Protein chains: 2
Amino acid sequence: MAEGTSPHGGQGLLFLTDEQLRKGIEAMFFAYRGFTADPDRILAEKDYGRAHHRAIHFIHRSPGTTVNNLLSILGVTKQSLNRVLRTLVDDGLVRSEVGRVDKRERHLFLTEAGAALERELSDAQRDRMRAAYRAAGSEAVAGFRKVLEAMMDEDMRRHFETLKDRGR
Amino acid sequence: MAEGTSPHGGQGLLFLTDEQLRKGIEAMFFAYRGFTADPDRILAEKDYGRAHHRAIHFIHRSPGTTVNNLLSILGVTKQSLNRVLRTLVDDGLVRSEVGRVDKRERHLFLTEAGAALERELSDAQRDRMRAAYRAAGSEAVAGFRKVLEAMMDEDMRRHFETLKDRGR
DNA sequence: CAGAATACGTCAGCCTTGTTGACATTCCAA
DNA sequence: TTGGAATGTCAACAAGGCTGACGTATTCTG
């Protein structure tokens with residue numbers, strides 16, 4: 001635990017046994033289940049799935065985003081996204097607006113109802129995240145974020161950074 | 001960053017804005033994609049999916065485990081697991097042995113071929129994990145693990161701990 | 001301006017992986 | 001010994017990925 005604070009700069013001299021790495025892998029697997037568990041319960045009641053949650057989350061995060069942008073964030077095909085988007089628009093949770101400057105584009109926004117569901121979902125998910133952060137301590141949180149960022153693919157890290165800036 | 005090392009014990013006085021928590025959530029989402037990307041590529045070539053990977057991983061980890069035990073680790077229905085297991089047995093990657101003391105149980109083992117695939121998959125996944133750990137430093141790794149453990153459901157943490165001990 | 005490229009939507013069909021329901025076998029306890 | 005619980009298998013269905021093909025509107029470019 002004190003290893004990383006040494007003059008080596010916390011890098012370079014890590015002894016990483018296969019066993020340690022395997023535990024990291026399993027931790028990731030089990031934790032992700034917890035991570036999605038609470039929203040999944042809420043979604044199931046409303047006959048939505050994780051795909052709907054993801055769309056709602058990122059539309060909330062980047063109001064007015066285009067379909068194409070959402071596509072590259074979510075990393076699915078347009079057919080797949082479209083199915084989800086259609087139900088959200090039909091159910092009045094998402095509004096799709098023809099672009100003013102480029103009329104080929106559709107800009108996506110949450111309606112009031114959509115924003116309400118978003119709040120319900122992210123409240124649940126944040127509660128767990130907050131509890132985990134509290135239990136682990138702020139030093140651990142910094143490390144958590146560092147490792148996760150290092151684990152992303154390049155494209156995803158780019159998206160992640162972009163979202164980061166926008167939120168400020 | 002130095003906050004958690006204070007006499008407060010790294011807890012209690014965390015300022016956790018919704019914005020910070022949201023970034024944690026997004027980091028988790030993007031990182032998990034990276035986490036599964038490499039094995040997914042290998043699996044796609046061989047016409048297997050993530051479900052096969054999970055089964056192989058945990059059978060490797062606990063040779064001789066029963067279907068029921070695997071079920072509770074994976075958190076799916078037995079019918080769902082069974083389908084995956086059947087293809088693995090048919091393809092000669094997994095051996096299923098009728099229990100000696102309780103003949104209702106089946107004990108699961110990897111065959112040589114199964115172990116070979118397991119190695120290929122976990123090598124790929126470990127490589128990424130190792131790179132992320134190296135990039136983040138050992139202090140970060142400790143924090144990473146701490147937060148993940150705190151994020152798990154109780155049952156999952158129990159499984160996680162059990163696997164931990166067994167590996168030693 | 002004509003034609004290529006882009007953005008989006010949609011239809012059809014497939015696969016994986018989750019679900020429930022029905023059922024056979026085996027074990028155990030009343 | 002018999003009925004209930006536990007274990008595992010088979011069948012059928014749904015969600016949500018995927019590819020491929022196509023239509024339409026719009027924009028960009030030579």
Side-chain angles (χ1 to χ4, degrees), chain A residues 29 32-33 36-37 39-59 64-91 94-109, chain B residues 29 32-33 36-37 39-59 64-91 94-109:
Chain A
F29 170 71
Y32 198 78
R33 289 259 294 279
T36 55
D40 280 356
R41 262 188 293 274
I42 295 170
L43 290 158
E45 284 172 17
K46 309 196 188 314
D47 280 318
Y48 289 128
R50 234 175 256 181
H52 300 84
H53 183 189
R54 292 196 282 262
I56 287 175
H57 175 99
F58 287 108
I59 293 173
T65 185
T66 65
V67 172
N68 242 351
N69 182 47
L70 202 50
L71 238 37
S72 93
I73 289 178
L74 296 177
V76 297
T77 59
K78 65 176 176 177
Q79 295 91 330
S80 201
L81 175 59
N82 196 257
R83 190 192 312 131
V84 167
L85 233 36
R86 201 183 333 167
T87 74
L88 290 176
V89 169
D90 288 352
D91 294 355
V94 167
R95 186 164 44 87
S96 167
E97 225 173 62
V98 173
R100 296 204 219 198
V101 7
D102 188 335
K103 289 178 193 157
R104 291 171 304 180
E105 295 180 336
R106 300 297 131 94
H107 299 279
L108 304 170
F109 302 89
Chain B
F29 171 70
Y32 199 77
R33 290 257 293 279
T36 56
D40 280 357
R41 263 188 292 273
I42 295 171
L43 290 158
E45 284 172 19
K46 307 194 186 321
D47 281 319
Y48 289 127
R50 235 176 256 181
H52 300 85
H53 184 189
R54 292 196 282 263
I56 287 174
H57 176 101
F58 287 108
I59 293 172
T65 185
T66 65
V67 172
N68 236 356
N69 181 48
L70 203 50
L71 237 38
S72 90
I73 289 178
L74 297 178
V76 296
T77 59
K78 60 183 176 172
Q79 295 87 334
S80 195
L81 174 59
N82 194 257
R83 190 193 313 123
V84 167
L85 235 35
R86 200 184 332 160
T87 74
L88 290 176
V89 169
D90 288 352
D91 293 354
V94 167
R95 187 163 44 87
S96 166
E97 228 172 61
V98 173
R100 296 203 219 200
V101 6
D102 187 335
K103 287 179 194 159
R104 291 173 303 180
E105 294 180 339
R106 300 297 131 95
H107 298 277
L108 304 169
F109 303 87

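As the structure is a computational prediction, the values presented were derived from the model and not from experiment. Chain identifiers are assigned alphabetically (A, B, ...) following the order of the sequence lines, protein sequences preceding nucleic acid strands; residue numbering begins at 1 within each chain.
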Chemist: Indicate whether OP1 or OP2 belonging to C:dT19 is found under 4.0 Å from a side-chain N or O atom of B:Thr77.
Modeler: yes

Chemist: May I ask you to test the B:Tyr48-B:Ile56 pair for a side-chain heavy-atom distance under 4.5 Å?
Modeler: no

Chemist: For B:Gly75, which contact category applies under a 4.0 Å heavy-atom criterion: base, sugar-phosphate, or nothing?
Modeler: nothing

Chemist: Report the residue (B:Arg83 or B:Val67) whose heavy-atom-nearest nucleotide on DNA chain D is the more 5′ of the two.
Modeler: B:Val67

Chemist: Angle class for the B:Phe58/A:Phe29 ring planes (parallel below 30°, perpendicular above 60°, tilted otherwise)?
Modeler: tilted

Chemist: Judged by atom type as modelled, is there a donor-acceptor pair below 3.5 Å linking the side chain of B:Arg50 to the main-chain atoms of B:Leu43?
Modeler: no

Chemist: Is there a side-chain contact between A:Arg86 and the phosphate of C:dT10, meaning an N or O under 4.0 Å from OP1 or OP2?
Modeler: yes

Chemist: Return no unless some side-chain N or O of A:Asn68 is found under 4.0 Å from OP1 or OP2 of C:dC8.
Modeler: yes

Chemist: Would you mind reading off the distance between A:Asn82 atom CG and C:dA7 atom P, rounded to a whole angstrom?
Modeler: 16 Å

Chemist: Between protein and nucleic acid, restricted to nucleotides 22-30 of chain C and to nitrogen or oxygen atoms under 3.5 Å apart, what atom pairs and distances do you find?
Modeler:
unit_1, atom_1, unit_2, atom_2, d
C:dC27, OP1, B:Lys103, N, 2.8

Chemist: To the nearest 0.5 Å, tell me how far A:His107 NE2 sits from A:Leu70 CG.
Modeler: 13.0 Å

Chemist: Should the ring pair A:His53 and A:His57 be called parallel, tilted or perpendicular, given that the plane angle runs from 0 to 90° and is split at 30 and 60?
Modeler: perpendicular

Chemist: Are B:Leu108 and B:Leu88 packed together at the side-chain level, in the sense that at least one heavy-atom pair is separated by less than 4.5 angstrom?
Modeler: no

Chemist: So what does A:His52 hit on the nucleic acid, given a heavy-atom distance under 4.0 Å: a base, only sugar-phosphate, or nothing?
Modeler: sugar-phosphate

